[in-house]
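Below you'll find the structure, written out as structure tokens, and then a few comments.
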Amino acid sequence: MNNTDIAGIFEHMANFLEIKGENPFKIRAYRRAAQVIEHLPRELAVMLAAGEDLKSLPGIGQAIAAKAEELVRTGRLAAWETLRGSLPEGLSELLEIPGIGPKTAFRLASELGISSVDELERAIRQGKVASLFRLGDRTADNLLHQIESLRRKDQRIPLGRALPLVEDVLSMLRPLPGVKNLVAAGSLRRFRETVGDIDLMGTADYPEQVIRSFVSLPAVRDVLGQGPTKASVILADGLQADLRMVEHEAFGSLLQYFTGSRQHNIALRARNQKRGLKLSEYGITDASTGRLETFATEEDFYARLGMQYIPPEIREDYGEIELAATHALPELVERSDIRGDLHVHTHWSDGTASLESMAQAAKEAGYAYLAITDHSGGLGIAGGLHEDRLLKQQQAIHELNQQIEGIRLLTGIEVNIMSDGRLDLPDEILSGLDVVVASIHSSLNQSEGKMTRRILKALENPHVDILAHPTGRLIGKREPIAVDLEAVFSAAAQYRKVLEINSMPDRLDLKDNFIYRARELGVLLAINTDAHRPEHFELIRFGIGMARRGWCRPSSILNTRSVDEVLAHFRQGNTSR
DNA sequence: GCCGTTTTCGGCCCGACTGTTTTCAGTCG
């Protein structure tokens, strides 16, 4: 049983306990455990097999550790079987409907015998729901609307689609007269790989005018609501965006509050409550005096708590609060730290641009070096390079290096890892290149054992420098390959191989929690764009966002180093066996 | 059920809105 399944069961248990009116803190404990487990970089089964104590995980104590172990060992959980037997199975899905909480769900089940969304819809149409005590026509009507919108609701959408959309909106509103602040908060600001709703907030001299302009933007498909300081709209892709205009003095605490994450805020408040400070979106209240202090910036807000400013990307209650309190947060990698890209394509394979224009674009991006890594000729990739054309390309790169100034091109290849782990170019060819990026593009459905052996074999090749997009996932389109990443990370650390953080918004591969784990194991990472055209260099910000979510300092990222240091690192990898 | 620079017991984030009431429970973010 894997982590997703286990987390799912704990989440269901929380729902059922809630419906039964159990202790709310017990319920919260199950929810928190589910979240922690869901985002673990390693399988609980693996940790248990290694003899590790699950109680060392945050939010997991004696009882939940034992239950998790029971699930791993037997695939079942007696406590869960009992619980689910005591209530109608479908009740959990009722909680998905906005407006229905545990109390209402319980009453719908006990008083009307409803146990599914379909049954609820029928009951509403028959007028049964509106006749219940403390419910009425309005409530029933709203629920019906929620059910309908839930059925056509778009999923969370990838960050790569949401961010440009939101930036468009912001760039049209910011020039309005009197606008001081205007930013997106929420999971978008934290650079989560997918986002649900968008929370925009700002301060301005004439807030109503900003609201009016907002709802009449061309990107707005539908206006859900509009008041003097707040409006809700639907943008393209079905993305809901809320704009909130506030007083300038309270902007800092409001931004902090709406940036989240929820877990971060809960932990932050609990911690400071003990010190007599009450935190809210309006500011900080000293319990002894009852006086509310406001904050125009987040920096001031955190400083008042005696803490370092915490970058949004790591506000996940993953230890950042404690470190910020002792001023020991890591300095996270930034765009300006990046000195080159080690994975790009040109029209020599499936890219669209020439060597020259890619070099020029990299130079404009502020880079000192650029590795040209077109596809190797093997399996089914359009226009991949065979040995003769690769040699010609190397020649062209050498010549271009003579002509251009301000950037150094490195020769390279993105070589296919074939289904048995061999590479589709011979070692003699690979040894003549500055950078060898290896990746999987075929036979993606192999078993975990086979896939892991395949990748480990590729990593054992002394000429391989970087493993690109290690899991092969495409967000929302293709599942990651089945592979024992823990084994891959260990091998990479041992052989000094570099793992890629691919910045393509539909890849973001490795993802945040795996970056965190790889870094923990001492693996060096590279943030690459995998650019296929000059504009793609801009996508580096997504990779940087992931790296920051994985707590990477510049020292964890190879391409923050000079070209000589990069090449020196590859040479070490080549001779370390 | 979890957790500990005041605690191994006694706490556990905070405020607003909605619809239904006549003082507030339930839900949400």
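So that the names make sense, note that chain A is the first sequence line, chain B the second, and so on, each numbered from 1.
Checking the phosphate oxygens (OP1, OP2) of B/dG1, a side-chain nitrogen or oxygen of A/Lys67 falls inside 4.0 Å.
With a 3.5 Å ceiling on both atom-pair distances, the Watson-Crick or G-U wobble partner of B/dG26 is B/dC17.
The stretch residues 15-48 of chain A comes close to DNA chain B through A/Asn23, A/Phe25, A/Lys26, A/Arg28, A/Ala29, A/Tyr30, each having a heavy atom under 4.0 Å from the strand. Within residues 77-88 of chain A, no residue has a heavy atom under 4.0 Å from DNA chain B.
Across all strands shown, A/Leu143 has no heavy atoms under 4.0 Å from either base or sugar-phosphate atoms. Across all strands, A/Ile100 comes closer than 4.0 Å only to sugar-phosphate atoms, never to a base (heavy-atom distances). Contacts of A/Ile64 with the nucleic acid, taken as non-hydrogen atoms under 4.0 Å apart, involve only primed sugar atoms and P, OP1 or OP2.
Side chain to side chain, A/Asp286 and A/Ser288 meet the donor-acceptor criterion of an N or O pair below 3.5 Å.
Distance A/Arg271 CZ to B/dG11 C1': 17 Å, rounded to the nearest Å. To the nearest angstrom, P of B/dA25 lies 18 Å from CZ of A/Phe106. Here the P atom of nucleotide B/dC12 and the CG atom of A/Asn265 are 18 Å apart, to the nearest Å.
Straight-line distance between the C1' atoms of B/dA16 and B/dG11: roughly 25 Å, to the nearest whole Å. Rounded to the nearest Å, the gap between the P atom of B/dT20 and that of B/dT27 is 14 Å.
Taking the six-membered ring where the residue is Trp, the centroids of A/Tyr309 and A/Phe301 are separated by 6.0 Å or more.
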Annotated protein contacts, base or backbone, on nucleotides 14-23 of chain B with a non-hydrogen cut-off under 4.0 Å, one of B, S, - each:
BSS--BSS--

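For the pair A/Phe258 and A/Ile266, nearest-nucleotide mapping onto DNA chain B gives the more 5' position to A/Ile266.
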